[in-house]
Amino acid sequence: MRILVVGGGGREHALAWKLSKAKRVRKTYVAPGNPGIAEVATCVDILASDIPGLLRFAGEKKIDFTVVGPELPLAMGIVDEFEDAGLKIFGPNKNASRIEADKSFAREFMGKFGIPAPRFQIYETASEALKYTKTVNKFPVIVKASGLAGGKGVFAANNKRAYEKIIDEILVQHRLGEAGNRIVVEEFLTGQEASVFVLTDGVSITYLPSAQDHKKLYDRNRGPNTGGMGAYAPYPTNKRISNIIENVIIQPTVLSMRDQGLDYKGVLYAGLILTSTGPKVLEFNCRFGDPEAQVILPLVEGDLLSAMVAAAEGKLSDEPLKAKNQWSLCVVLASAGYPTDYRIGEEISFKQKLDSRTLLFHAGTRMEDSKLVTASGRVMNVVRVHDNLKVAKQKAYEEIKKISFKGMYYRKDIGNTGMKKMKRKRRK
Ligand code: GLY
């Protein structure tokens, strides 16, 4: 098979690394890719959002199967266009991608089908949104832009003044453009967060390992939200919680999408919060998580590519994909100033060769005058797999000491929650 992976971040590096190892794969292309991806695949200079360019390339190179990494091309309708052209592609079509791309649609859908979720209101104008302070008036509260905002569309308002400021920025000043034409105001929930991933063809569901992301910039989950500063997998839940996730969240969501005439094929990512009253959906995403893909894909032992092809063809089985009985941990190395004003173009150097058991997935890197330099906020992902989570963490952090670039920042506590959970489990 000739495969094409669309995207150029850490998630796509992990996908290209994993899929290129499949026996059936003769050639892997990634568009646009990055210098790390270039070590496992052929990178082609086409942006993930350039659907006509990708279509042309897939036609010319006789691509057998395309896998889409990021949400933007999915929301733009890449799957519809590839399928219309008779090309096989993995991911939901434009309508089904609304589960991520249109957060008010997603919340109304969850409400209609009784999927556990926070209470919410939807507003389109500032005057409507300000009524919240006269009616519900509960703080903290979460304000989300309904459209895709590249990870910059979720805000927590701790009080009325902060809420009014956010409303002004989104609905009056239109700082998020069209993505903020409508907002969802949601109940603030507390609990551990977990990322659950399934492959589906719209009927059958195949579970992948779950993970826990670390969205806040600083240790102990403080500071601003980021795209994710690290992750570990699997996320340790108990049987009771897993049953609720499967039977009350995932299965009803997949079947209700179908009920609504939405043909959901691809990966469904449920971002959950495990509250004292049970798991609730913070968000659904129509793609793999980043950095979650970097930890779940190294654990998958089953034939991921065949399962993805089966999902795209509507022939998936309900069997979970075989996974290693191990832990995987990823630490994200970020540029100084991420997630707001960060510097790029810093040279990345390696003081020592990395251990052959370390997986280094590039995110924002590029070659400049034959030197590897930083090119974005999240730069690299250092991943280790081990039988013991504590050792996976220790090894990943040892490896980080070999990498440097000016202003390199990373969290020091990735995996701590998982270790605490495991300790409590052992004591019981
Ligand atoms: N890790 C969060 C995301 O992929 O949306």
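Both counts, for ligands and for their atoms, begin at 1 and track the order of listing.
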Ring pair (Phe, Tyr, Trp, His ring centres under 6.0 Å) contacts in which one or both residues fall within residues 312-350, not counting sequence neighbours: none

Short N or O contacts of ligand 1 with protein, under 3.5 Å, listed by atom name?
unit_1	atom_1	unit_2	atom_2	d
ligand 1	1 (N)	D213	OD2	2.7
ligand 1	1 (N)	G227	O	3.4
ligand 1	1 (N)	D290	O	3.0
ligand 1	1 (N)	E292	OE1	2.7
ligand 1	1 (N)	E292	OE2	3.4
ligand 1	4 (O)	R287	NH1	2.8
ligand 1	4 (O)	D290	N	3.0
ligand 1	5 (O)	R287	NH1	3.3
ligand 1	5 (O)	R287	NH2	2.9

Quick check with a 6.0 Å cut-off and a 45 degree axis cone: is R98 positioned over the face of F105's six-membered ring? yes

Which word best sums up how the rings of W17 and F361 line up, parallel for under 30°, tilted for 30 to 60°, or perpendicular for over 60°? perpendicular

Show which side-chain atoms of residues 145-157 pair as donor or acceptor with protein atoms under 3.5 Å away, not counting sequence neighbours.
unit_1	atom_1	unit_2	atom_2	d
S146	OG	D102	OD1	3.1
S146	OG	K103	N	3.3
S146	OG	S104	N	3.0
S146	OG	S104	OG	2.8

For Y410, is the NZ or CZ atom of K412 found under 6.0 angstrom from the centre of its six-membered ring and inside 45 degrees of the ring axis? yes

Taking side-chain contact (heavy atoms from CB on, under 4.5 Å) as the definition, give me every residue that meets it alongside T200, ordered by chain and number, with sequence neighbours left out. I205, V254, Y264

